[in-house]
Amino acid sequence: MQKPLLKLCGNRSYEDFLLTSQSPADYLGFIFAKGKRQVQPQEVKEWIGRHIPFSQKIVGVFVNPTNEEIAEVLNAVPLDVIQLHGNESIERVEELTAAFDSCFWKALHHQADTVSKMSAYAPFVDGYIIDTLIKGEWGGTGETFDWMSVPSYKKMAQKLNKICFIAGGIDADNVSNLLDLHPAGVDLSSGIEQNEKKDSAKLQLLIERMNKHVSIS
Ligand SMILES: O=C(O)c1ccccc1NCC(=O)[C@H](O)[C@H](O)COP(=O)(O)O
């Protein structure tokens with residue numbers, strides 16, 4: 001089985017970054033939107049500049065950002081990917097992609113029309129994060145959605161030739177069930193946290209279970 005890409009999101013301290021950057025993750029996410037995991041551009045700049053070698057790509061997560069907000073982060077942090085996790089319209093995403101020469105991912109919350117939204121945003125984005133829809137929240141909820149829909153997300157992403165991550169409530173206990181559906185990418189935050197910090201034991205167990213699943217399937 002092809003190994004899924006792994007994104008570890010919501011790093012909110014140097015200790016979080018140290019832990020996740022020494023893991024086999026492919027992407028590390030930082031939340032620049034308001035909320036309990038929000039980080040400041042200057043602190044992320046300082047953490048990633050501390051000469052600890054790391055191989056992951058850096059993802060900046062935004063919710064309905066202004067151009068100025070993105071520019072401020074890009075001035076400090078060399079983002080590889082800009083993740084739009086709000087309800088940015090197609091027109092707004094088009095504007096942002098014209099303004100910034102960057103890779104863009106659109107987060108879409110799982111609901112009846114999500115597959116058709118993937119198609120509608122396709123001309124402007126490089127990939128998708130499919131996350132759980134929870135009223136009053138944008139992401140990082142620790143809640144799963146009905147994974148029966150994962151194959152249809154995967155199929156549409158393949159048709160569009162885009163990367164597609166599944167997010168929402170993934171942890172070491174349920175990751176094998178998700179991997180049975182062969183997602184191209186897995187994105188998680190709460191599932192490797194304890195007391196609002198990334199947790200080494202939870203992360204290690206997640207990696208072990210992911211590796212075991214890939215080697216036996
Ligand atoms: O994590 C947050 O606090 C957050 C806040 C606002 C917008 C997006 C946010 N997270 C985005 C992510 O990519 C998370 O990894 C994804 O939502 C999954 O989170 P979780 O259910 O905690 O694993």
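Ligands are counted one by one from 1 in listed order, and the atoms in each one are counted from 1 as well.
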List every atom of ligand 1 that sits less than 4.0 Å from any heavy atom of [X], numbering the atoms from 1 in the order shown and giving each element.
{"X": "K7", "result": "13 (O)"}
{"X": "S190", "result": "20 (P), 22 (O), 23 (O)"}
{"X": "G169", "result": "20 (P), 21 (O), 23 (O)"}
{"X": "G168", "result": "18 (C), 21 (O)"}
{"X": "V61", "result": "8 (C)"}
{"X": "W138", "result": "6 (C), 7 (C)"}

Under 6.0 Å from the six-membered ring centre of Y128 and within 45° of its axis: does the NZ or CZ of K106 meet both?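 K106 over Y128 ring: no.
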
Look at ligand 1 and say whether G35 reaches it with a heavy atom at a distance under 4.0 Å.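 It does not, in that no heavy atom of G35 comes within the 4.0 Å cut-off of ligand 1.
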
Contact between Q83 and ligand 1, counting heavy atoms under 4.0 Å?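 True for this residue.
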
Of all the non-hydrogen atoms in the protein, which one sits nearest to atom 3 (O) of ligand 1, and at what distance?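 Result for atom 3 (O) of ligand 1: R37 NH1, 2.9 Å.
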
What is the closest protein heavy atom to atom 16 (C) of ligand 1, and at what distance does it sit?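 Ranked first by proximity to atom 16 (C) of ligand 1 is D131 OD2, 3.5 Å.
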
Any heavy-atom pair between the side chains of [Y] and [X] that's under 4.5 Å?
{"X": "F54", "Y": "I48", "value": "yes"}
{"X": "V73", "Y": "L79", "value": "yes"}
{"X": "L6", "Y": "I207", "value": "yes"}

Ring pair (Phe, Tyr, Trp, His ring centres under 6.0 Å) contacts in which one or both residues fall within residues 68-104, not counting sequence neighbours: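 Residue pairs with at least one partner in residues 68-104: H85-H109.
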
Below the 3.5 angstrom mark, is there an N/O of [X], backbone or side chain, next to an N/O of ligand 1?
{"X": "G140", "result": "yes"}
{"X": "I129", "result": "no"}
{"X": "K34", "result": "no"}
{"X": "G142", "result": "yes"}

For S189, all residues meeting side chain to side chain donor-acceptor pair (under 3.5 Å), sequence neighbours excluded: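 Result, side chain to side chain donor-acceptor pair (under 3.5 Å) vs S189: R37, K198.
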
Give me the ring orientation class for W105 and F165: parallel if the planes are under 30° apart, tilted from 30 to 60°, perpendicular past 60°.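 W105 vs F165 ring planes: tilted.
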
Should one rank D187, L188, L8 by closest heavy-atom distance to atom 13 (O) of ligand 1, which comes out on top?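 Residue with the shortest heavy-atom distance to the ligand atom: D187.
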
Whether the side chain of D16 engages the backbone of L19 through a donor-acceptor N/O pair (distance < 3.5 Å, no angle test) should be reported.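 No; zero donor-acceptor contacts below 3.5 Å.
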
